[in-house]
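The structure displayed is predicted, hence computed values, not measured ones.
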Amino acid sequence: MKRVRKAVFPVAGLGTRFLPATKSIPKEMLTVVDKPVIQYVVDEAREAGIEHFIFVTGRNKAVIEDHFDVQFELYDTLAQRGKGEQLERLQRLQPAPGQTSFTRQQVPLGLGHAVWCARELVGNEPFALLLPDMIMQSEKSCMREMVELYNETGSNIIAVQECDPAEAHKYGIVGKGETVHTGFRIDGMVEKPKPGTAPSNLFINGRYILQPEIFGILANQERGAGDEIQLTDAMLKLEKQQSFFGYHYRGRTFDCGSPEGFVEANVAFALSRADINERMAGVIESLLGEMKPAR
């Protein structure tokens with residue numbers, strides 16, 4: 001059984017829900033408190049033992065590559081000004097030489113196509129897939145728990161969370177089978193089921209560990225919903241050949257692909273910071289007291 005060493009981050013999306021902010025800044029570089037969204041996701045992968053970070057990018061995304069590069073002038077300035085704590089923090093977040101790779105999706109053909117674009121960099125080994133719109137907040141990272149389940153099963157792993165059953169038609173939903181170690185066997189997957197037909201209320205939350213055979217399926221995958229190559233369609237085919245297991249994640253997930261989720265993430269992470277939580281709690285309480293009905 002091969003170890004999960006690599007992670008894929010699809011970051012080619014345009015972020016149209018955040019215009020005009022994303023006209024010149026990639027949505028993945030918008031900050032939650034003082035870190036870009038993509039940094040939270042990479043940190044989660046690193047905590048899980050990931051060694052190689054693969055970014056599937058598009059046009060106007062070069063700033064993501066710059067963010068993970070060494071900035072000699074900045075480091076030197078911080079050192080000369082005695083900003084040792086800030087310098088140490090930046091260096092701690094810095095991937096080692098050779099740990100990051102970047103490839104272009106070039107055409108917007110969906111998540112499945114973005115994953116397929118990373119095939120040469122991943123090679124013939126299992127890999128983690130983390131959707132950068134979704135950032136997690138929990139004591140132990142979601143991906144770390146998933147890697148531990150993978151080490152027990154050696155198969156495909158999907159992280160899921162509970163949703164309101166009335167909202168299940170909005171998500172990819174899995175069927176829950178027998179309990180296995182810290183997870184369960186997935187006995188079915190359906191993308192946006194018709195209301196009242198979902199096999200459970202467990203939705204796929206944007207974290208995966210997949211076997212490399214998914215690339216061969218994606219290479220010949222027909223376009224599905226939205227006229228795009230859908231990852232779920234390929235996983236349904238792979239499910240006929242290999243087992244899938246679910247990890248029931250019980251922490252908080254923030255959808256930073258939506259303005260509401262992005263603001264919620266900023267509030268939650270600010271309140272979790274020991275250095276600013278008291279002030280932020282007071283500010284939020286004051287704003288709530290002054291809030292007037294929206295026109």
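- Contacts classified as salt bridge (charged side-chain N to carboxylate O under 4.0 Å, His left out) and involving residues 232-246 (residues at least two apart or in different chains) are given here: E222-K237.
- Side-chain contact between L218 and I229: present, with at least one pair of heavy atoms (C-beta onward) separated by less than 4.5 Å.
- Scanning all heavy atoms of the two residues, the minimum distance from V8 to P10 falls at O-CD, 3.8 Å.
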**Message:** With salt bridge (charged side-chain N to carboxylate O under 4.0 Å, His left out) as the criterion, how do E51 and K6 come out once you've worked through the C-alpha distance, each side chain's angles and the decisive distance to 0.1 Å?
**Reply:** CA-CA 6 Å; E51 302 170 353; K6 299 180 179 181; over 6 Å; no
Please tabulate, for the side chains in residues 183-194, all donor-acceptor contacts under 3.5 angstrom to protein atoms that are two or more places apart in sequence or on a different chain.
| unit_1 | atom_1 | unit_2 | atom_2 | d |
| --- | --- | --- | --- | --- |
| R185 | NE | E178 | OE2 | 3.1 |
| R185 | NH1 | S243 | OG | 3.2 |
| E191 | OE1 | T232 | OG1 | 2.9 |

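- A 4.5 Å side-chain heavy-atom check between I25 and V63 finds every atom pair outside the cut-off.
- For F68 and F53, the ring centers are positioned 6.0 Å apart or more.
- Residues passing the ring-ring contact (aromatic ring centres under 6.0 Å, His included) test with Y150: none are found, sequence neighbours excluded.
- Using modelled atom types, one finds no donor on one side chain facing an acceptor on the other under 3.5 Å when comparing T153 with H181.
- Residue pairs meeting the salt bridge (charged side-chain N to carboxylate O under 4.0 Å, His left out) criterion with at least one member in residues 68-79: none, sequence neighbours excluded.
- Side-chain atoms of R144 do not come within 3.5 Å of backbone N or O of A45 as any donor-acceptor pair.
- For residues 15-34, the salt bridge (charged side-chain N to carboxylate O under 4.0 Å, His left out) pairs, not counting sequence neighbours, are K27-D133, E28-K61, D34-R89, D34-R273.
- Across C256 and V32, no two heavy atoms sit closer than the pair SG-CG2, 4.3 Å.
- Aromatic ring orientation, F262 versus F18: perpendicular (interplanar angle above 60°, classes split at 30° and 60°).
- In this structure, G154 and M1 approach most closely via the heavy-atom pair CA-SD, 3.1 Å.
- Residue I50 comes nearest to A128 through the heavy atom pair CD1-CB, 4.2 Å, listed as atom of the first residue, atom of the second, then distance.
- Contact record, K2 with N124: NZ-O, 2.6 Å, taken as the closest heavy-atom pair.
- For residues 205-217, the pairs satisfying side chain to side chain donor-acceptor pair (under 3.5 Å) are E44-R207, Q161-N205, E213-Q242, with sequence neighbours left out.
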